[in-house]
Q: 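Below is a structure I'd like to ask you about.
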Amino acid sequence: MSMEQKQIYQCDEDGVWDRQLKFARPDPHVDGEWLIPGGCTDVAPPELSEHQAAVFAGGEWSVVVDKRGVVFWLPTGERAVITHIGVDLPPGALEADPGPTEAQRWAAYQALAQAELDFSDRVSIRCSKAGVAYPQDWRDRDAVLRGVMRAGSGDPDQPLPERPAFPSNT
């Protein structure tokens, strides 16, 4: 650093140091004085580690948590992002995506079961139009699918029953 500049530390309107290297120039009118812009100080900030920020207030530095931009998941499975300095992860938060909840997985499984029931309805209509009885293997399958739809929860990893062969002459 030359005698023609002095290292300074610029802060935002909340006093948070921007971590950029800046220099003040000498005051051309007062020997030994420096032109230090507003929001800057020549007091060196403390050493910081990851997820920390230095805040200058009242002539001194303090260190606060800085997790701005950190993505986390609440225990409900909701995704959130920290947007303010001084905010830490809430209790029970996860920094890795936990994936869908059991309730969400079950709802997705039920949606698949409903789609299969809708398909069965079309087969039933085809049978009716062709004058063919709706086969028992299709009825049995529909009963299982309706059981899935009535259940409040269950094992979404269990495969849904397979579609039987299409009824003849439909």
Side-chain angles (χ1 to χ4, degrees), residues 9-22 39 45-58 60-170:
Y9 309 92
Q10 185 168 358
C11 301
D12 67 14
E13 62 276 357
D14 297 320
V16 180
W17 176 40
D18 68 6
R19 293 188 183 224
Q20 294 184 22
L21 187 61
K22 297 192 171 69
E47 292 281 329
L48 300 173
S49 59
E50 185 179 17
H51 298 303
Q52 289 185 330
V55 178
F56 193 73
E60 58 186 36
W61 291 101
S62 61
V63 176
V64 297
V65 65
D66 184 8
K67 293 196 174 181
R68 291 175 289 182
V70 170
V71 176
F72 64 95
W73 285 261
L74 297 170
T76 61
E78 180 183 357
R79 181 184 183 272
V81 179
I82 296 177
T83 58
H84 294 89
I85 195 167
V87 177
D88 208 343
L89 293 172
L94 301 172
E95 289 191 69
D97 184 352
T101 64
E102 285 303 310
Q104 291 168 329
R105 292 181 66 227
W106 182 249
Y109 185 74
Q110 285 182 310
L112 291 173
Q114 183 60 57
E116 287 299 310
L117 281 169
D118 293 345
F119 185 82
S120 292
D121 287 346
R122 290 192 301 274
V123 171
S124 176
I125 291 168
R126 286 176 59 170
C127 287
S128 177
K129 285 183 176 182
V132 174
Y134 190 55
Q136 188 62 46
D137 54 353
W138 280 87
R139 291 175 193 271
D140 294 343
R141 177 176 179 270
D142 292 350
V144 172
L145 294 170
R146 284 190 182 86
V148 169
M149 296 307 298
R150 284 191 300 272
S153 64
D155 179 6
D157 294 323
Q158 182 175 340
L160 291 172
E162 299 220 5
R163 292 179 185 170
F166 273 97
S168 300
N169 302 322
T170 60

Q: Is any side-chain heavy atom of Asp14 closer than 4.5 Å to a side-chain heavy atom of His84?
A: no
Q: So, for Pro75 and Pro91, which heavy atoms are closest and what is the spacing to 0.1 Å?
A: CG-O, 4.4 Å
Q: Do you know which two heavy atoms are closest between Leu160 and Ala113, and how far apart they sit?
A: CD1-N, 3.7 Å
Q: With side chains defined as the heavy atoms from C-beta onward, is the minimum distance between Glu47 and Val63 less than 4.5 Å?
A: no
Q: May I ask you to decide if the ring planes of Trp138 and Phe166 are parallel, tilted or perpendicular, using 30° and 60° as cut-offs?
A: tilted
Q: Enter the distance from Leu89:CG to Leu94:CG here, rounded to the nearest 0.5 Å.
A: 9.5 Å
Q: Taking all non-hydrogen atoms of both residues, which atom of Phe56 and which atom of Cys11 are closest, and how far apart?
A: CB-SG, 3.9 Å
Q: Flag the pair Thr170 / Val123 as yes when at least one side-chain heavy-atom distance between them is below 4.5 Å, and no otherwise.
A: no
Q: When you measure from the side chain of Glu102 to the backbone N and O of Pro156, does any donor-acceptor pair fall under 3.5 Å?
A: no
Q: Quick check: closest heavy atoms across Val132 and Asn169, and the distance to 0.1 Å?
A: CG2-O, 4.0 Å
Q: Would you say the side chain of Val65 lies within less than 4.5 Å of the side chain of Val87, judging by non-hydrogen atoms?
A: no
Q: Using only atom types and a distance under 3.5 Å, with no angle test, would you say the side chain of Tyr109 pairs donor to acceptor with the backbone of Val148?
A: no
Q: Are any of the side-chain nitrogens in Asp97 or Arg79 under 4.0 Å away from the carboxylate oxygens of its partner?
A: no
Q: Are Leu74 and Pro90 close enough that some pair of their side-chain heavy atoms sits under 4.5 Å apart?
A: yes
Q: Can you tell me how far the CG atom of Asp137 sits from the CG atom of Asp142, to the nearest 0.5 Å?
A: 10.0 Å
Q: If you count every heavy atom of other residues, nucleotides or ligands that lies below 6.0 Å from Gln136 atom CD, does the total exceed 12?
A: yes
Q: Starting at CZ of Arg146, measure out to CZ of Arg141 and round the result to the nearest 0.5 Å.
A: 10.5 Å
Q: Got a second to check how far Arg139's CZ is from Ser120's OG, nearest 0.5 Å?
A: 11.5 Å
Q: Is the count of non-hydrogen atoms from other residues, nucleotides or ligands lying under 6.0 Å from Asp157 atom CG greater than 12?
A: yes
Q: Using 0.5 Å steps for rounding, measure from the OG1 atom of Thr83 to the NZ atom of Lys67.
A: 14.5 Å
Q: What distance do Trp17 atom CH2 and Trp61 atom CH2 have between them, rounded to the nearest 0.5 Å?
A: 7.0 Å
Q: Which atom pair, heavy atoms only, marks the closest approach of Ser49 to Arg19?
A: O-NH2, 4.0 Å
Q: Please name the pair of heavy atoms, one in Ala151 and one in Gln110, separated by the smallest distance, quoted to 0.1 Å.
A: O-NE2, 3.0 Å
